[in-house]
Novice: 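After the structure tokens below, expect a handful of questions from me.
Chain A is the first sequence line, chain B the second, and so forth, proteins listed ahead of strands; every chain is numbered from 1. What you see is a predicted model, and the numbers here were worked out from it, not measured in a lab.
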Amino acid sequence: MNYRSIKGTKDILPSETPLWQFVEQTIRDVFHQFNYKEIRTPIFESTALFLRSIGELTDIVGKEMYTFEDRSHDSITLRPEGTASAIRAYVQNNLGEALPLSKIYYIGPMFRQERPQAGRLRQFHQFGAEAVGSPTAETDVEIIAMTIEIYKRLGITNYSLQINSVGDEECRPRYKEILKAELLKIADKLSFESQKRIEQNPMRVLDSKDENDKTLTASMPLITDHLNEECAKHFERVKSLLTAYGIPFTVNGRLVRGLDYYTKTAFEITSSELGSQDALAGGGRYDLLVKELGGKQTPSVGFAAGMERLMMILEKKGFQPPKQSPKIFVAAADETAREWVLQTTMKLRSAGIASECDLLSRSLKSQMKEADRQQAQFSLVVGSMELESGKALLKNLTDHSQQEILLSDIVTIINT
RNA sequence: GUGUCCAUAGUUCAGUCGGUUAGAACGCCAGGAUGUGGCCCUGGAGGUCGUGGGUUCAAAUCCCACUGGUCACCCCA
């Protein structure tokens, strides 16, 4: 094999696209029912946008971005996530001037250069939504409820929702100092990775998977106990609304997301059906990002979710998307009928009926086999006899029944 | 980026202590008294055994490197 797709990228084959299309349609249906409108942004942006929004110290920016210089020597990056582009577009196009609240969604490919593994690709697909312009807890909960509605709609029930509040620009730095001081006391006992994080990203240490780190930090102060009044109130409101909506959740005071722009609410949905990459979706509030990217101070909430991970669960459950098969296969019994068959197939298609006929000059038996393989609902065999009499047998391939029909009526018969 | 395991028809796999024509199932193609699919029967096509080196009289089989896949770490969708 001479050429292969790039490591960590995958072809989505004709046998798989029906599932993709079905899932995408379900997602769009939910978004539209929550009145979110689609935004489509370019899949590459200036590198600076991601540095500024995601944060220079995050893993995404530090070691995962596909960054290159184009022929004009501009630094370009393939988007590693969707929020930065969406907010850039929001600011650039002054969407905030047209409406007090913009509810937008996106769906498409993202790129991160990591070592591939189960549930992790270099080109993967995310869907997500942003509610730009609302500070209320009601909006946080709408975003969470909408995410969950998508999984519910697809019959995925085996997930768990974890929430946290990561504070705001006032209480988070204060908490970070307290935490840092505690961590420094035991720094030499922590894992190498955690030691590196104490200075720049101390909250990450609490999120470490290292067993030893976990026990060492078991009694460390949590951000949820150090929120200022506003953040604490907001968090309480989120929790009580979730409860009121009947959405189960657990509070995880150690939850930190991989992007620096989150404030107040952060959440993650995980599934035990997945491998060690078990996050189905994540999101939260980002009240500072719009201003950071040159817009007005605009409180916002959003989430992003992985398509592939969602589909891994559906496949595991044996989920079958609706079939995309022709309604009728028109077969030619002999050479004289071939032209009629072609024309009739075209006529059926023009009438909006998915139809197929033989293009390989094959025997009638082969044509019938093809009709079966394609899972056509009906077959119609036409030869010189039928052309002469103007009648033919229409066969239902599911229940094997046949009925004689007038060739001139074929379109209306199939249409009913 | 580090590590694990793996690499044989289109697919999933078998292939003994290295031994000469590399197999199966499914799929694909063609037939089964001359114009009807699915099941069944018969026949057929299809593999430089991932690539390159090495050991050996002899390598799909043993060794090394590379490439790719896989899973895990890290991190996350």
Novice: Determine the interatomic distance between C1' on B:G50 and the same-named atom on B:G32; round to the nearest Å.
Specialist: 41 Å

Novice: Starting at the 5' end of RNA chain B, which residue's closest nucleotide do you reach first, A:Val381 or A:His125?
Specialist: A:Val381

Novice: Using the ring of each side chain (for Trp, its six-membered ring), is A:Phe111 parallel, tilted or perpendicular to A:Tyr66, with breaks at 30° and 60°?
Specialist: perpendicular

Novice: Within the 4.5 Å heavy-atom criterion, are A:Arg122 and A:Lys7 side-chain neighbours or not?
Specialist: yes

Novice: Please work out if A:Met385 contacts a base, only the sugar-phosphate, or nothing of the nucleic acid, heavy-atom cut-off 4.0 Å.
Specialist: base

Novice: Just checking A:Glu114: base, sugar-phosphate only, or nothing, at a heavy-atom cut-off of under 4.0 Å?
Specialist: base

Novice: Measure from CG on A:Asp358 to C1' on B:G37 and round the result to the nearest Å.
Specialist: 14 Å

Novice: Using OP1 and OP2 only, check whether a side-chain N or O of A:Arg4 sits under 4.0 Å from B:G50.
Specialist: no

Novice: For the pair made of CD in A:Glu16 and C1' in B:U11, what is the distance, rounded to whole Å?
Specialist: 14 Å

Novice: Under a 4.0 Å N-O cut-off, is there an ion pair linking A:Arg174 with A:Glu170?
Specialist: yes

Novice: B:G32: syn or anti, with syn meaning chi within 90° of zero?
Specialist: anti

Novice: Are A:Ser276 and B:C71 close enough that a side-chain N or O sits under 4.0 Å from OP1 or OP2?
Specialist: no

Novice: What interatomic distance, in whole Å, is found between C1' of B:G10 and the corresponding atom of B:C28?
Specialist: 8 Å

Novice: Measure CZ/A:Phe267 against P/B:C76 and give the value in whole Å, please.
Specialist: 15 Å

Novice: Do A:Arg120 and B:C74 have a side chain to base donor-acceptor pair shorter than 3.5 Å?
Specialist: yes

Novice: What's A:His400 touching, base or sugar-phosphate or nothing? Going by heavy atoms closer than 4.0 Å.
Specialist: base

Novice: If you only use heavy atoms from C-beta on, which nucleotide in B:A77, B:C74, B:A30 is closest to the side chain of A:Ser366?
Specialist: B:A30

Novice: Check each of A:Lys327, A:Arg373, A:Arg349 against A:Glu356 using the salt bridge (Lys or Arg N to Asp or Glu O under 4.0 Å) test, and report the only one that passes.
Specialist: A:Arg349

Novice: Please check: side-chain N/O of A:Asp334 versus main-chain N/O of A:Thr336, any donor-acceptor pairing under 3.5 Å?
Specialist: yes

Novice: Base, sugar-phosphate, or nothing for A:Glu386, non-hydrogen atoms under 4.0 angstrom?
Specialist: base

Novice: For B:C74, does OP1 or OP2 lie under 4.0 Å from any side-chain N or O of A:Arg197?
Specialist: no

Novice: Picking from B:U36, B:G31, B:C74, which would you name as closest to the side chain of A:Leu393?
Specialist: B:U36

Novice: A:Met368 CE to B:G32 P: how many Å, rounded?
Specialist: 15 Å

Novice: With hydrogens left out and only the distance checked, is there a donor-acceptor pair under 3.5 Å joining A:Arg115's side chain and the base of B:U2?
Specialist: yes

Novice: Which whole number of Å gives the distance between the C1' atom of B:C39 and that of B:G47?
Specialist: 30 Å

Novice: Sort out the partner of B:C73 for me: Watson-Crick or G-U wobble, both distances under 3.5 Å, none otherwise.
Specialist: B:G1

Novice: Is any side-chain nitrogen or oxygen of A:Thr58 closer than 4.0 Å to OP1 or OP2 of B:C75?
Specialist: no

Novice: On the side chain of A:Lys395, is there an atom forming a donor-acceptor pair with the base of B:G37 - under 3.5 Å, no angle test?
Specialist: yes

Novice: Any strand counts, and the cut-off is 3.5 Å on both contacts for Watson-Crick or G-U wobble. Which nucleotide pairs with B:C26?
Specialist: B:G10

Novice: Need one value for A:Arg112: base, sugar-phosphate or nothing, where a base atom within 4.0 Å counts as base even if backbone is also close, heavy atoms only.
Specialist: base

Novice: Using atom C1' of each nucleotide, how far apart are B:G18 and B:C62 to the nearest Å?
Specialist: 8 Å

Novice: With ring centroids as reference points, do A:Phe267 and A:Phe249 lie under 6.0 angstrom apart?
Specialist: no

Novice: When you measure from the side-chain N and O atoms of A:Gln117 to the phosphate of B:U70, is any distance below 4.0 Å, counting only OP1 and OP2?
Specialist: no

Novice: Ignoring backbone atoms, test whether A:Arg257 places a side-chain nitrogen or oxygen under 4.0 Å from the OP1 or OP2 oxygen of B:A77.
Specialist: yes

Novice: Is there a donor on the side chain of A:Lys365 or the base of B:G32 sitting less than 3.5 Å from an acceptor on the other?
Specialist: yes

Novice: Tell me what A:Gly119 touches on the nucleic acid: a base, only sugar-phosphate, or nothing, going by heavy atoms under 4.0 Å.
Specialist: base

Novice: When you compare B:U48 with B:U8, how far apart are their P atoms, in angstrom units rounded to a whole number?
Specialist: 12 Å

Novice: Using atom P of each nucleotide, how far apart are B:A58 and B:U20 to the nearest Å?
Specialist: 15 Å

Novice: NA contact type, A:Ala371, heavy-atom cut-off 4.0 Å: base, sugar-phosphate, or nothing?
Specialist: nothing

Novice: Sticking with atom C1', work out how far B:U36 lies from B:A60, rounded to a whole angstrom.
Specialist: 46 Å

Novice: Of A:Ala376 and A:Arg362, whose closest RNA chain B nucleotide lies nearer the 5' terminus?
Specialist: A:Arg362

Novice: Without decimals, in angstroms, what is the distance between A:Glu64 CD and B:C76 C1'?
Specialist: 7 Å

Novice: Would you mind pulling out the nucleotide paired to B:C62, Watson-Crick or G-U wobble, both distances under 3.5 Å?
Specialist: B:G54

Novice: How would you label the contact of A:Leu280 with the nucleic acid (heavy atoms, under 4.0 Å): base, sugar-phosphate, or nothing?
Specialist: sugar-phosphate

Novice: Please report, rounded to the nearest Å, how far the P atom of B:C76 is from the CD atom of A:Gln123.
Specialist: 21 Å

Novice: Would you compute the distance between atom CG of A:Leu288 and atom NZ of A:Lys264 and round it to the nearest 0.5 angstrom?
Specialist: 10.0 Å

Novice: Mark yes or no for a side-chain to base donor-acceptor pair under 3.5 Å between A:Arg204 and B:C75, with no hydrogen or angle criteria applied.
Specialist: no

Novice: Does NZ or CZ of A:Lys103 fall inside the cone over A:Tyr105's six-membered ring, less than 6.0 Å from its centre and within 45° of the axis?
Specialist: no

Novice: Using the P atom on both, measure B:G52 against B:A9 and round to a whole Å.
Specialist: 15 Å

